[in-house]
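The structure under discussion appears below in the form of structure tokens.
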Amino acid sequence: MSLQPTTTVARIAGYVGETVTLAGWVYHKTGKGKLVFLLLRDGSGTIQCVIFKKQVSEATFALAQQLGQEAACRVTGSVRADERAPGGFELDVHELELVGPSVEYPISPKEHGVEFLMEHRHLWVRSARQHALLRVRAEVIAAAQEWLNEQGFIRFDSPILTATAAEGTSNLFATDYFDLGKAYLAQTGQLYVEAGMMAFGKVYCFGPTFRAEKSKTRRHLTEFWMIEPEVAFADHEDNLVLQEQFVSAIVQRVLERRAADLDVLERDTTVLKRCVPPFPRISYDDALALINAHQGEVEGATPVPWGEDFGAPHEQLIASQFDRPVFVERYPSAIKAFYMEPDPARPEVALCADLLAPEGYGEIIGGSQRIHDPELLERRINEHGLDVADYRWYLDLRRYGTVPHSGFGMGIERAVAWITGTRHIRETIPFPRMLYRIYP
RNA sequence: UCCCCGAUAGCUCAACGGUAGAGCGGCUGACUGUUAAUCAGUAGGUUCGUGGUUCGAAUCCACGUCGGGGAGCCA
């Protein structure tokens, strides 16, 4: 005998007039003396089930009355289209089986504070809004990978345990690695996908990334997921075109396939619909001028002297001037990672770009053309105070058939936060890891 | 690391120097169309901790703990 239900709520429309068994959890229950309404959630959706006292045994009715919120059960009944029911379909219950009881479920349909919800994240993921958010996340991930696969990329995963800091700047989580000393949780897979790119031409890695920075904002997690494509024989221009096509394809697919979820999230989709290539581009130099022209419009967006990096308020100001994602390109090399290719026309700036999402969501992509000349790369490693010995293998990539190449990294959670219009990044991942939270 | 804010019933909050309260949730009962049902009843408190000021502290002060928001840094 199988425990599997006849069908799922999502497919219920095809079963009108038939008797089916559904299996799920009690999302909500209400009643009226001689009838009980159960809102049953099975993962694919929710459906109202009605239990009339006259139509079931006394024991079944008593059971229905005492079901707690989130009790697991199997219900058998006939499917009926009914305008009075949320969702349009209703199940007239003949039989009800309790699979797993639930008593005093902590999360009620009423309001709750952030701290309480985060403490109950393992249960919070059952609620409608979180469902919609995490379904969009899954869609974004699937869309990203499938689009890259169609473009001829192969997934080439990078290690999570690494021996040294890839970019040398941020803080890293350290752990003991047997007799070999410290190992660090990867803050990017980029250096490794460069090795893959030389092997396969077009590759990407996708996995968790770790930053031990004490960031305490709604845009930061200590553990987040990043997808990092890397392409051989690709310059800065190729890179930007790839990025705008990539982001647009993901957004358009979410609009197509997850419209119901965006609706639950009350997302204004007009901004998303505008997300088609080409994306506007602004140089670092022009961005400085823009900041000067609009300072005061965003709090904290004070003028920036040439050579200094933007802060969060500046990024917000720049993004607010455009109606779709905007590339900010060619930052001063001195404030960027050591591996970025200098602009041949202006060696003091790098062939790099950040993609800023509209509506104040900030940077969702960072990318660049990489240095392919071995001597220049070695010089940069030294200039950044890094140990060349740690980068022997990385320099090897330039010794044996080096080619101009480019790549970028997209933060999944930031992208999902923007696409769904979610204020805080913590809701876009099942179990967020933050400065003051590692439970549950 | 720095700045700002918060902690009172299971949850969301009120009381702001003078008897600790409401709504929801729980429990009991009524109700054949509920959508966060409604109505009646009922239980539920070390007001985060420690110290201080005061005749009197949930309330004022100090320190601590936990959490929230922001800066820097980044995706």
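Heavy atoms only: backbone and side chains are in, while hydrogens, waters and symmetry mates are out. The chains referred to below are lettered A, B, ... by the order of the sequence lines, with proteins before strands, and numbering in each begins at 1. Please read all numbers here as calculations on a predicted model, not as lab measurements.
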Look at the side chain of A:K216 against the base of B:G68 and say whether a donor-acceptor pair falls under 3.5 Å; ignore hydrogens and angles.
yes
C1' atom, B:C61 versus B:G21: distance in rounded Å?
27 Å
Kindly indicate whether the side chain of A:S108 and the base of B:G10 share any N or O donor-acceptor pair separated by less than 3.5 Å?
no
Closest to the A:R414 side chain, choosing from B:U34, B:C73, B:A75
B:A75
Figure out the CG/P separation between A:D82 and B:G33, and round it to whole Å.
13 Å
Please name all residues satisfying side-chain hydrogen bond (donor to acceptor under 3.5 Å, both in side chains) with A:Y331, sequence neighbours left out, ordered by chain then number.
A:D354
B:A7 C1' sits how many Å from A:E119 CD, rounded?
14 Å
Send over the distance from A:Q69 CD to B:A36 C1', rounded to a whole Å.
10 Å
Spacing of the P atoms in B:G67 and B:U32 (rounded, Å):
49 Å
Side-chain heavy atoms of A:Q145 within contact of A:Y204, under 4.5 Å:
yes
Should the side chain of A:R437 and the base of B:C66 be counted as holding a donor-acceptor pair, with the cut-off at 3.5 Å?
no
Polar pair under 3.5 Å, donor/acceptor by atom type, side chain A:H112, base B:C11:
no
Between B:G33, B:A75, B:G69, spot the one nearest the side chain of A:R426, thanks.
B:G69
Please evaluate the base of B:G33 for a donor-acceptor partner in the side chain of A:E90 within a cut-off of under 3.5 Å?
yes
Both A:M118 and A:P109 contact RNA chain B. Which one's nearest nucleotide lies toward the 5' end?
A:P109
Length of the CZ-P vector between A:F37 and B:U34, whole Å
7 Å
When rounded to whole Å, the NZ to C1' distance for the pair A:K53 and B:A30 reads 12 Å
Out of B:G69, B:C74, B:C66, whichever nucleotide has its closest atom nearest the side chain of A:H220
B:C74
Pairing partner (Watson-Crick or G-U wobble, both distances under 3.5 angstrom) of B:U1:
B:A71
In the strands shown, is B:U38 matched to any nucleotide by a Watson-Crick or G-U wobble pair with both distances under 3.5 Å, and which?
B:A30
Between B:C55 and B:G23, how far apart are the C1' atoms? Round to whole Å, please.
36 Å
Between B:U12, B:A75, B:C74, which nucleotide has the shortest distance from any of its atoms to the side chain of A:F224?
B:A75
Hey, are the side chains of A:V26 and A:E70 touching, using non-hydrogen atoms and a 4.5 Å cut-off?
no
Is there a side-chain contact between A:R423 and the phosphate of B:G68, meaning an N or O under 4.0 Å from OP1 or OP2?
no
Rounded distance (Å) that lies between atom C1' of B:C74 and atom CE of A:M226:
10 Å
So, is A:H424 close to the B:G69 phosphate, meaning a side-chain N or O under 4.0 Å from OP1 or OP2?
yes
A:R267 vs A:L272 side-chain heavy atoms within contact, under 4.5 Å:
yes
I'd like the C1' distance from B:G17 over to B:U12, given in whole Å.
26 Å
Taking B:C5 as the reference, what is the distance to B:C63 when you measure between their P atoms (whole Å, please)?
14 Å
Taking a pair to mean Watson-Crick or G-U wobble geometry with both distances below 3.5 Å, B:U65 pairs with B:A7
Side chain of A:P313 (C-beta onward), nearest among B:C74, B:G69, B:G72:
B:G72
How far does the P atom of B:C31 sit from the matching atom of B:U47, given to the nearest Å?
42 Å
Measuring from the side chain of A:E213 (C-beta onward, heavy atoms only), which nucleotide among B:C73, B:A75, B:U32 has the closest atom?
B:C73
Mind checking the C1' distance from B:C24 to B:U38? Whole angstroms is fine.
14 Å
What is the distance from OH of A:Y331 to P of B:C73, rounded to the nearest Å?
12 Å
Is there a Watson-Crick or G-U wobble partner for B:G56 with both distances under 3.5 Å, and which nucleotide is it?
none
Let's see if you can work this out: which of B:U34, B:G72, B:U32 has an atom nearest to the side-chain heavy atoms of A:S215?
B:G72
Please tell me which of the listed nucleotides, B:A75, B:G33, B:G67, lies nearest to the side chain of A:V50?
B:G33
From C-beta outward on A:Y436, which listed nucleotide comes closest to its side chain: B:G67, B:A75, B:U34?
B:G67
With a 4.5 Å cut-off on side-chain heavy atoms, are A:F224 and A:I412 touching?
no
Evaluate the ring planes of A:H122 and A:Y439, with Trp represented by its six-membered ring, and classify them as parallel (under 30°), tilted (30 to 60°) or perpendicular (over 60°).
perpendicular
For A:E427 and A:Q130, which I'm curious about, is there any donor-acceptor pair between the side chains at under 3.5 Å?
yes
So do A:F327 and A:P280 actually touch side chain to side chain, heavy atoms under 4.5 Å?
no
Which nucleotide in the list B:C74, B:C11, B:G33 gets nearest to the side chain of A:F52?
B:G33
Rounded off to whole Å, could you give me the NZ-to-P distance for the A:K29 and B:C27 pair?
8 Å
